[in-house]
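I have placed the structure first, in the form of structure tokens, so that the comments after it can refer back to it.
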Number of protein chains: 2
Amino acid sequence: MATAETKTKQPERVDATNFLREGIVKGRFLPNERLIEIEIARLIGTNRANVRTALACLEQEGLVVTEPNRGARVRLISDAEAIEIVQARSALELLVVRFAAMRATPEDRAELAALIGEMKSAYDSNDLMRYSATNGLFHKKLQKISRHETARKLLGTLRSQMVRFQYRAIFLPNRAAKSLAEHEAIMKAVEAGDPDRAERAMRRHLIGVIEGIEQVIASAQAEV
Amino acid sequence: MATAETKTKQPERVDATNFLREGIVKGRFLPNERLIEIEIARLIGTNRANVRTALACLEQEGLVVTEPNRGARVRLISDAEAIEIVQARSALELLVVRFAAMRATPEDRAELAALIGEMKSAYDSNDLMRYSATNGLFHKKLQKISRHETARKLLGTLRSQMVRFQYRAIFLPNRAAKSLAEHEAIMKAVEAGDPDRAERAMRRHLIGVIEGIEQVIASAQAEV
DNA sequence: GTCGACGAAATTGATAACAAAATTGCTTGC
DNA sequence: GCAAGCAATTTTGTTATCAATTTCGTCGAC
């Protein structure tokens with residue numbers, strides 16, 4: 001009951017926000033695409049007012065930009081900004097992993113280990129998309145284990161801005177193998193309940209992540 | 001021109017959000033106070049729709065809570081949550097101070113030194129409210145110097161949630177003196193352009209801040 | 001006197017209509 | 001053929017209205 005909250009039908013406003021956020025994150029709405037209120041309202045089956053507030057919320061989240069009298073567009077995250085986001089994410093992930101190490105229960109540890117197992121299996125069968133997805137779940141799981149709501153919320157909004165870069169790093173040569181080892185080290189440290197070691201392991205992992213993103217950006221620029 | 005943006009009259013929606021945010025932060029609206037849409041609309045001189053979207057934005061910022069069919073209230077930040085917020089803030093401040101040390105220009109350094117001077121003068125004349133205000137400016141200045149927009153934005157929303165605790169720690173015995181020394185150390189490290197040293201200095205400072213907040217919370221609980 | 005049911009008032013949620021601004025396309029003049 | 005200006009369309013911004021829900025007060029039963 002602590003977190004459940006007997007499901008009183010959510011207002012459509014919330015639905016509209018989630019619909020749009022998901023649409024942007026999943027790529028249904030492309031960067032710079034105009035988001036016309038009435039179109040989206042019809043798409044969701046709600047009214048303009050709700051779409052309007054949803055767009056205002058998403059603007060604050062950094063997913064859309066609006067100009068007065070000119071409506072909203074999907075915001076394009078620049079390369080420089082992507083780096084900033086990873087840096088901010090890193091700062092918070094370090095915090096989170098410390099708490100995860102301190103607060104993990106036996107069940108938490110088991111679930112974390114299971115996720116590592118799944119990552120390994122995805123890696124072994126060379127299914128890098130599945131690896132990337134499970135990777136995301138691993139980090140999410142860490143956030144949950146940390147029981148640090150504030151950090152979790154901030155990381156959530158940061159992550160949704162990163163989709164454009166998220167999964168591509170994993171295709172870099174050798175990255176997946178390194179990533180797997182890094183995650184294992186994090187898992188071991190959390191299992192040992194050692195915050196300092198967990199932070200060190202996470203720090204090593206994040207260095208790898210940043211390098212990966214930088215390479216993705218560099219190669220994308222080379223393409224053009 | 002990079003950041004200026006020829007001031008096209010802001011939509012009332014934005015005004016409403018700022019008005020409410022400021023009202024909550026400055027204490028015009030108290031924790032748990034109901035925020036009735038039409039009242040606020042009349043107060044600002046706008047319509048309900050704008051207030052509605054403003055409230056939705058502020059909910060995402062964590063400043064208000066809304067229940068379906070029951071409107072919005074000013075959110076009361078619990079003690080436990082206050083600690084979380086300081087922790088998250090800390091993680092980001094450490095990031096920021098590193099970048100500040102790396103990116104500070106001579107002018108930046110001068111402005112930082114001037115702020116330290118003002119803090120010292122406020123301390124000497126025992127004007128702790130002014131000290132606290134300048135303290136806030138110092139941290140804001142660091143964020144600006146860091147030129148790390150992402151971290152800056154996140155810190156902005158975290159700070160607005162902390163007002164209830166912000167200034168009270170400074171009245172603890174000895175805290176002001178320690179705080180001043182800590183800030184000077186940070187300033188010196190930034191002036192030296194040494195990110196590691198700056199981070200260490202900031203870390204020491206933040207430990208002091210967290211202890212201060214914890215004491216404020218403890219003594220507030222003792223009061224009741 | 002207390003508790004619950006009922007009803008009125010207040011407030012939120014949803015929809016429609018209107019006004020203002022921007023965009024588009026067309027016409028006209030050169 | 002091209003550009004400037006004008007008109008039509010599209011889209012946003014604002015306001016009004018109505019329905020649904022909650023809240024509050026009153027009345028009555030026990």
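Lettering of chains follows the sequences in order, A, B, ..., and the numbering in each one begins at 1.
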Side-chain contact check for Arg52(B): nearest option of dT12(C), dT15(C), dT11(D) is dT12(C)
Cationic N near anionic O, under 4.0 Å, Glu111(A) to Lys141(A): yes
Sequence neighbours excluded, the answer for salt bridge (Lys or Arg N to Asp or Glu O under 4.0 Å) partners of Glu182(B) is Arg175(B)
5'-most contact on DNA chain C (nearest-nucleotide basis), Arg70(A) vs Glu67(B), goes to Glu67(B)
(message) With a 4.0 Å limit, can you tell me whether Asn69(A) has a side-chain N or O closer than that to the phosphate oxygens OP1/OP2 of dT12(D)?
(response) no
_Quick check on dT15(D): is either OP1 or OP2 less than 4.0 Å from any side-chain nitrogen or oxygen of Arg48(B)?_
no
Whole-Å distance, Ile44(A) CD1 to dT15(C) P, equals 13 Å
Atom CD of Glu37(A) and atom C1' of dA21(C) are separated, to the nearest Å, by 13 Å
Rounded to the nearest 0.5 Å, the CD atom of Gln143(B) sits from the CG atom of Leu95(B) at a distance of 10.5 Å
Residues passing the side-chain hydrogen bond (donor to acceptor under 3.5 Å, both in side chains) test with Arg109(B), sequence neighbours excluded, are none
Arg73(A) atom CZ is separated from dT12(D) atom P, nearest whole Å, by 10 Å
message: With a 4.0 Å limit, can you tell me whether Asn50(A) has a side-chain N or O closer than that to the phosphate oxygens OP1/OP2 of dA14(C)?
response: yes
*What nucleic acid atoms does Leu55(A) come within less than 4.0 Å of, heavy atoms only: base, sugar-phosphate, or nothing?*
nothing
